Amino acid sequence: MARNVRRVAPRAASLWLFATALVTVVPHMAYLPLWTSGACALLLAWHLARARSDGARTDRVHRLAMLLVALAVALAVRMDFGYFFGKAPGIAMLATLLCLKLLEGNSPRDVRAGVLLAFFLQLALFFDDQTLMAALFALGGALCAAATMLALEDPEPSPWRTLRSGATLMLQALPFLIVLFMLFPRLPGPLWGMPRDAWEGMTGLSEEMAPGSIAELGLSSEIALRADFSDALPPPSQRYWRGPVLSEFDGRVWRMARNARLAQPAYAPAGPAIDYVLTVEPHNKRWLLALDFPGAASDGEVAYGSEYTLLAERPLRTRAQLALQAYPETVVGLAESPAVLDAATRLPESGSPRTRALVAELAADTDDASQILDRVLAWFSTNALTYTLAPPLLEDDPVDEFLFDARSGFCEHFSSAFVFMMRAAGVPARVVTGYQGGTVNRVDGTLVVRQSDAHAWAELWLPGRGWVRVDPTALAAPSRIESGVSAALPAGETRPLMMREGVAAEALRALRDRWEALGNAWNRNVVGYDRQRQGDLLQELGVERPDWRTLAIALGAGLGLLMLALLAWALHQRRPGDDLDRLWRRFGARLARRGLARLPSEGPIDYAERVAQALPERAREVRVIARSYARLRYGPPSANAAALTRELAQRIREFSPQ
Amino acid sequence: MRATDALEGLPDALARKLGRRDDDSLPVTLRQGRIYVLPTGAGLAFALALMVMLVGAINYGLSLGYALVFLLFGLGVAGTVHAFRNLHGLRVVRASVEPVFAGETATLRVHLENPSNWRRPALRVRVGDTEAHATLDAGAADTLAVAIPTEQRGWHAIERITLYTTWPLGLARAWSVLRPAVSVLVYAAPERNAPPLPSGAGSPEGLRPQGTGDDDFAGLRSHRLTDSPRHVAWKAVAAGGPMLTKEFAGHAGAALELDWHALGACPHDEARAARLTAWVLAAEARAATYALTTPDGRLASACGRAHLSACLARLALARSRRGA
């Protein structure tokens, strides 16, 4: 029986490691380059084939082959990404290494290395995705990893028992997770320079608008922001989420002008306020997409752009949440500086001759901005321009081509052409991008605004009225503003799945609402748990000023208590057969409340007789219970003792001496 | 003969010399006081990995990264407590070892009992460089056999038995050290190709002649029921005669006298012990009765397992008075 230290890991451990790798690598495949996913799948399949043939022997040739594969993967990663030290190539490398480790190793040491690799990859999953799904995948992966380590120690033939032991460990680890998660001090990261691709792959508005750039976003159902209104929702015509304001135009592309940052809004908020909590998904830019026009915020974490945008201190790389007020009736820009107004009428020297000619015609006899506006709007509505999600490609002169040739376009074409026309007439105007509308999640009542709600509209400056919002798209497709993109599209146009009509799409939408409501709660309470929320929680718990010392004490106390609880569990020795004792004691305790406590000298039958005398109406029940207990306790061992015990438990539960 | 019984006669000074100060009298139930827990190498690597992961979570502000690290931390802590619990309350009922000949492998048998209602997987018993493992179900008991290599004859104390487990995750090792006052008696290895058991008069050293030689036919006598069938004079029976028994000189009754001091040709104690051990075994195999004289005294002539054990034990411990 004696033997030396094992060199080969038990087969069960290798199988569990395979399961761990599968659960860990597969969710990454959505983000990995195709060749990496393919290589991982191939390696996993190869491992499976080898494991089945049972010839999992590692000799020198095999190890050399593995090394070569690893080097090839490293080279491929370098060539594919163009750089090596970064988030994405790191994940690609780790994923292939884990799959290789399966093939390479069957010593316990190799298996342990594989488990650690899997842990890193589970963490890396959150770089791309901090949803509930990702958390569940990581949890499953961690469970499989625990099972792998268990199988390494105790190659138990039943995988269920291994899994159960793993689950027990996870359940006992959970209180530690909760206490640490709540109390561990949240450091404001990053601790040092980040790899250059750290924030890649975030969708959102850009700082410039070329024809087609917003229509591209229109196809994405990713969530851009959420808003929770404490009172009634504002009407759709007020749901304009202000993003970058574009006031420079080169004939093709609209760009942001330099924008001063102010500590306080450049206007006096007026009129009724709308209270809401805004949650903006990370987009790696600074704008916060507040509803027009935000009041003064209470904390110093935000700044106000001179173009009435709300800006964050740093680019949004994590979800931001803030409580805001919107004052839609505020008048802004009454005393706008001449420089800004001048910039807002500037146009390229040449280009768009047909449009210029049209504007000259429309504004021939007037200088009144309001009158010009009315005429341009009238022209828009009489000239039946079509709103479409698939605008034709406008090559040379987008404004002319849109207005006179294609005559169909997305919101950026409408706003771009409109602002061009106003400027051509000498009225200061600019393009505002952001989101418009949003759908209410019927489960939690949140207004959800998606990338597909991205929108561009116009703003023009009228003397005595300041900057006024005008949405030329509304003229062609009024329902775009009232009911969203889908309703505004012509009947024949292909829509993204979720925008379609019909019972199936409706059911899908309901399902999505439910899922996203859950996701919202998850984001708010788990993913969004940060320094601020930690402080709030501690304050709610009665800690006045939660500094690091308080946190350390609370953390120490919490962990200590958990440790004690765990030790108490470990030291607690439950005697077998306790169940029966407990039942009998419970029965005695019930009767004791009626003054019929069992005497220490009394056997079950004698006791039952005495109780039967005192409670004649319960005599039968009491005798049955006592006899059943006596038989189980003192009778010969019976094959169906467990069933009889359950029956007795049922009887005692239902027994009431009252 | 059980080593523990023989040990009671051992002088205290010797016990001290062997370094066994606080012997544990078995049975022992393992309690908090004697269970130690420390991380294993794998546990340290795990801790390091968690640190790196925590830094990653801080750097990228990953809430779920924090959560994963904390979950794994909890897993490590729970695993440590499980390892402790795997030993806690375990009973070491007894440890025993049968004597062996030098060069053979002795087997230490450690009898473990699990009085609790939980299963205790992957329990390991380590003595020196060898170990054995077992899994005890709730309420079960088992005997673990650990191989102990031997080299020299004499008493060899088993100084420490380490009971340990790295179950469940291999990240922490819980262990307990027992000094169970168990020694293994190692008999002298019998001499290889030893000269045949001396027979007859004028025999060589080590044997004092008692009566006549061993295999010499000495005559016939009437058959007794206790006589071996091998010694019946079948020829006479076949010829129709009565049952007669052949009598051999030196057989059954004629005792061999094996003497340590009479082995003049053997230069030292080890050779004497080896030679006499071989002869004692040969005599026992032949069912002869034999007496043994060692520097410690004379064991009266007898035969059978008990006598053999006594003789082998004497030879295992024999030292010439004059020196060495």
Side-chain angles (χ1 to χ4, degrees), chain A residues 1-5 108 112 116 119-120 122-124 126-127 130 134-135 138-139 142 146 149-150 152-154 156 165-166 168-170 172-177 179-181 184 186-192 194 198 317-318 526-530 562-563 566-567 569-571 573-576, chain B residues 32 42 45-46 49-50 52-53 55-79 81-82 84-85 88-89 105 107 115-119 121-122 127 129-135 138-139 144-148 165-171:
Chain A
M1 235 171 118
R3 52 190 198 169
N4 287 326
V5 180
R112 289 197 182 283
L116 291 189
F119 285 147
F120 280 119
Q122 282 155 20
L123 182 86
F126 301 137
F127 286 133
Q130 290 205 67
L139 197 66
M149 294 196 274
L150 274 160
L152 214 50
E153 294 303 313
D154 177 28
E156 162 67 44
S165 298
T168 307
L169 281 164
M170 294 285 259
Q172 290 176 348
L174 218 54
F176 285 91
L177 157 62
V179 165
L180 276 164
F181 189 80
F184 189 86
R186 289 299 196 276
L187 303 170
L191 300 180
W192 58 78
M194 306 295 272
R317 282 159 185 173
T318 52
V526 181
V527 180
Y529 188 82
D530 54 8
L562 287 181
M563 202 55 211
L566 208 52
L567 275 175
W569 167 80
L571 298 180
Q573 308 247 5
R574 204 146 42 91
R575 282 190 310 281
Chain B
Q32 294 92 304
F46 178 75
L50 285 196
V52 173
M53 286 168 70
V55 168
I58 292 172
N59 241 14
Y60 286 86
L62 301 176
S63 269
L64 293 187
Y66 280 105
L68 179 67
V69 171
F70 298 153
L71 178 75
L72 295 179
F73 170 79
L75 203 64
V77 174
V81 173
H82 275 256
F84 167 76
R85 184 179 187 247
H88 185 263
T105 301
T107 305
S116 327
N117 61 346
W118 64 79
R119 183 171 169 270
V127 177
D129 292 331
T130 54
E131 62 175 55
H133 67 101
T135 290
L144 277 81
V146 192
I148 297 170
T165 186
T166 50
W167 190 85
L169 300 175
L171 303 177

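Atom set for the values below is all heavy atoms of this structure, side chains included, hydrogens, waters and symmetry mates excluded. Chain letters run A, B, ... following the sequence lines, proteins first and then strands; every chain starts at 1. Quick caveat, the model's predicted, so the values are computed rather than measured.
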On a heavy-atom basis, which atom in [X] and which in [Y] lie closest, and how many Å separate them?
X         : Y         : answer
Phe181(A) : Ser63(B)  : CE1-O, 3.3 Å
Ala570(A) : His88(B)  : O-ND1, 4.4 Å
Trp167(B) : Glu153(A) : N-OE1, 3.8 Å
Leu123(A) : Gly65(B)  : CD1-CA, 3.3 Å

Among the listed options [options], the residue most often paired with chain B at heavy-atom distances under 4.5 Å:
options                         : result
Leu567(A), Leu177(A), Leu174(A) : Leu177(A)
Gln122(A), Met149(A), Gln130(A) : Gln130(A)
Phe126(A), Phe176(A), Tyr529(A) : Phe126(A)

* Aromatic rings Phe119(A) and Phe46(B): how do their planes relate, parallel, tilted or perpendicular, breaks at 30° and 60°? ->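 Correct class here is perpendicular.
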
* **Side chain / backbone / both / neither for Leu116(A) at chain B, heavy atoms under 4.5 Å** =>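 When you check distances to chain B, only side chain atoms of Leu116(A) fall under 4.5 Å.
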
* Measure Leu562(A) against the heavy atoms of chain B and call it side chain, backbone, both or neither at under 4.5 Å. =>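 Looking at Leu562(A), nothing touches chain B.
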
* What pairs with Val52(B) under side-chain contact (heavy atoms from CB on, under 4.5 Å), at least two apart in sequence or on another chain? ->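 With neighbours one apart ignored, the set is Phe120(A).
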
* To do: Could you please spell out the steps behind the side-chain contact (heavy atoms from CB on, under 4.5 Å) verdict for Leu180(A) and Val69(B)?
  => CA-CA 10 Å; Leu180(A) 276 164; Val69(B) 171; over 6 Å; no

* Apply ring pair (Phe, Tyr, Trp, His ring centres under 6.0 Å) to Phe73(B) and list each qualifying residue two or more places apart in sequence or on a separate chain. =>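 Result, ring pair (Phe, Tyr, Trp, His ring centres under 6.0 Å) vs Phe73(B): none returned.
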
* To do: Under the side-chain contact (heavy atoms from CB on, under 4.5 Å) rule, what do Asp154(A) and Arg119(B) come out as? Steps first, then yes or no, please.
  => CA-CA 12 Å; Asp154(A) 177 28; Arg119(B) 183 171 169 270; 3.3 Å; yes

* What option among Gln32(B), Arg85(B), Met53(B) has the most heavy-atom pairs under 4.5 Å with chain A? ->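 Result: the option with the highest number of such pairs is Arg85(B).
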
* **Intermediate values then yes/no, side-chain contact (heavy atoms from CB on, under 4.5 Å), Gln172(A) and Val77(B)** => CA-CA 9 Å; Gln172(A) 290 176 348; Val77(B) 174; over 6 Å; no

